[in-house]
Amino acid sequence: MSTDGDAVTPTRLRTDLARSLSQLYGTEVPAYTTLVEVSEQVNRDVLAADPDAERLGSIERVTAERHGAIRLGTPQELAQVARIFGACGMYPVGFYDLRDATPAIPVVSTAFRPLDRDELAQNPFRVFTSLLVVDDRRFFDARLEAELTEFLAARTLFPGELLELADLMEQQHRLTAEQGERFIELATAAFALSPEPVDRAWYSRLEEVSSVAADIGGVASTHINHLTPRVLDIDELYRRMGERGIEMIDRIQGPPRTDQPDVLLRQTSFRALAEPRRFREPDGSIVVDSLRVRFGEVEQRGVALTPTGRQAYDDHGIAALPDTDEQLDALDLAYYTRDEAGGLRPIVYEDFLPKSAAGIFASNLTGEGRSNAGERSARRDAPWMRDVLGRELHDPYDLYAAERSAGRGD
């Protein structure tokens, strides 16, 4: 932990927040605890059997690694969460548009994460953060947009005290131990599943458009949608989870398993579970029913591809890439630094794949929803998101290229 006496640094705050949210999610979704246990078992077994198991990160880092996912409704909420994660040394990286997925999902996303390799090594907590596009006519007509905008404007996700502490950390780069504890308490509560009743009629109207839209705009709070451990052999984890009687989605998203170097990101999850929720019926009565919106994702990470490598993969699949690290490096298809002996050291892919993210979302939706491709879309792109955030939106390729240059003394 990074501390200076009783001072709490952003690194310490990030570590504590990841741990606190993991504990919270484990109590809310018990199958997540099983997922973490199986992940750790698989990692121990791979480490014992494979002398090169830590080529993409130490076992300490891999074991501690988590990425979370949250969903927000307004640009103001996105700007606020950027302040909260900024206090934890996590910055927005990448722009993802899931509106063109199959089925279409009416959100755009970014990922908050550490930038520096040393910070990533200490705690690589990431949060994939999606924002509802309420003015996209392919999903929301003018009436529904107006009602949704009014509903979202009336809610407060993040208390003022939490935002003030976040700003203080970004200004001073430290908090007192008491302030740090209070930050973690408030932030964890902000991402907890609310016990407040869900308006059945309103939620159902949004669910007809998209289950994701209902999960964002059908409730008065946000919550951790999934929290993802990292595993060294995702195929083995998939098998062992099935042996535990936990239903997984039908396949592993991302590159297939091969004898080539692992690249990019492979993901899978257990299916969204039916969680008891309180509903307010049109007659005002409160009943207990269930929703399926949260699931247990797990990931296996590989080497980051360059734009050329990524284009080859996107166009032709894994078969378009060569069989060795040396060839990937020589052809400028993936990012590597050099170790002290001059050998290649892969730079871990720290980001996300839009198709895989959409595939995970779609595999856990209750229905495909509806959209009208003939209606106008709403402009959303990286510059738009940068303006909303009010801070730099980092390009992942720039980060990988800078790390490669620094690691080779360029």
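Note that the coordinates shown come from a computational prediction; the quantities given were computed from them, not determined experimentally.
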Arg301 and Asp262: salt bridge (Lys or Arg N to Asp or Glu O under 4.0 Å), yes or no, with the steps? CA-CA 7 Å; Arg301 292 187 172 267; Asp262 292 331; over 6 Å; no
Do the non-hydrogen side-chain atoms of [X] and [Y] ever get within less than 4.5 Å of each other?
X      : Y      : value
Met385 : Val108 : yes
Pro255 : Arg266 : yes
Glu77  : Arg155 : yes
Leu72  : Thr222 : yes
Arg117 : Val348 : yes
Val81  : Met90  : no
Arg99  : Asp136 : yes
Leu237 : Ser39  : yes

Angle between ring planes, His394 versus Tyr91, binned at 30° and 60°: parallel, tilted or perpendicular?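 Answer is perpendicular, since the angle exceeds 60°.
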For side chain to side chain contact (heavy atoms under 4.5 Å, CB included), just list the numbers for Arg310 and Leu353, CA-CA rounded to whole Å, side-chain angles, deciding distance to a tenth of an Å, and then say yes or no. CA-CA 11 Å; Arg310 180 62 182 275; Leu353 303 177; 3.5 Å; yes
One thing to verify: whether [Y] and [X] come together as a salt bridge, which I'm taking to mean a side-chain N less than 4.0 angstrom from a carboxylate O.
X      : Y      : answer
Asp215 : Arg71  : yes
Arg240 : Glu236 : yes
Glu164 : Arg182 : no
Glu350 : Arg126 : yes
Asp332 : Arg404 : yes

So, Phe352 versus His67, ring centres under 6.0 angstrom or not?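 For Phe352 and His67, the ring centres are under 6.0 Å apart.
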Between Phe112 and Phe128, does the ring centroid distance fall short of 6.0 Å?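 Centroid distance Phe112-Phe128: not below 6.0 Å, so no.
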Check the pair Tyr335 / Leu399 against side chain to side chain contact (heavy atoms under 4.5 Å, CB included), numbers first and verdict last. CA-CA 11 Å; Tyr335 292 103; Leu399 298 176; over 6 Å; no
Rounded to the nearest 0.5 Å, how far apart are [atom1] of [X] and [atom2] of [Y]?
X      : Y      : atom1 : atom2 : value
Leu264 : Glu299 : CG    : CD    : 12.5 Å
Leu120 : Arg61  : CG    : CZ    : 5.5 Å
Phe191 : His223 : CZ    : NE2   : 11.5 Å
Asp289 : Tyr203 : CG    : OH    : 11.0 Å
Arg257 : Asp235 : CZ    : CG    : 4.5 Å
Thr110 : Leu393 : OG1   : CG    : 5.0 Å

Kindly write out the residues that satisfy side-chain hydrogen bond (donor to acceptor under 3.5 Å, both in side chains) with Glu196, not counting sequence neighbours, or none if the list is empty.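 Partners of Glu196 by the side-chain hydrogen bond (donor to acceptor under 3.5 Å, both in side chains) criterion come out as none, since no residue qualifies.
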Where do Met241 and Phe270 land on the side chain to side chain contact (heavy atoms under 4.5 Å, CB included) test, with the steps shown first? CA-CA 8 Å; Met241 289 292 285; Phe270 60 71; 4.1 Å; yes
Report yes or no: does [X] contribute a side-chain atom to a donor-acceptor pair with the main-chain N or O of [Y] at less than 3.5 Å?
X      : Y      : value
Arg278 : Val287 : no
Glu40  : Thr63  : no
Ser211 : Glu207 : no
Asp52  : Arg55  : no
Thr188 : Ser20  : no
Glu54  : Ile59  : yes
Ser405 : Ala401 : yes
Glu28  : Leu193 : yes
Arg408 : Tyr336 : yes
Ser204 : Ala201 : no

Counting neighbours of [atom1] on [X] that are heavy atoms of other residues, nucleotides or ligands and sit closer than 6.0 Å, is the number greater than 12?
X      : atom1 : value
Glu150 : CD    : no
Arg376 : CZ    : yes
Glu243 : CD    : yes

Taking every non-hydrogen atom, the tightest pair across [X] and [Y]:
X      : Y      : result
Phe125 : Leu21  : CZ-CD1, 4.0 Å
Pro106 : Phe140 : CB-CE1, 4.0 Å
Ala31  : Ile246 : CB-CD1, 4.4 Å
Ala214 : Leu206 : CA-CB, 3.7 Å

If you measure only the distance, is there a donor-acceptor pair under 3.5 Å linking the side chains of [X] and [Y]?
X      : Y      : result
Asp233 : Gln300 : no
Tyr400 : Asp351 : yes
Thr11  : Glu119 : yes
Ser22  : Tyr32  : yes
Asp315 : Gln311 : yes

What's the verdict on side chain to side chain contact (heavy atoms under 4.5 Å, CB included) for Phe95 and Ser109, showing C-alpha distance, side-chain angles and the deciding distance? CA-CA 6 Å; Phe95 174 83; Ser109 310; over 6 Å; no
I would like to know whether Asp381 and Arg379 meet salt bridge (Lys or Arg N to Asp or Glu O under 4.0 Å); could you show each step before the answer? CA-CA 7 Å; Asp381 53 21; Arg379 183 185 71 84; 2.9 Å; yes
Quick one: which of Asp135, Asp387, Asp100 gives a salt bridge (charged side-chain N to carboxylate O under 4.0 Å, His left out) with Arg380?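 Going through Asp135, Asp387, Asp100 one by one, the salt bridge (charged side-chain N to carboxylate O under 4.0 Å, His left out) with Arg380 is satisfied by Asp135 alone.
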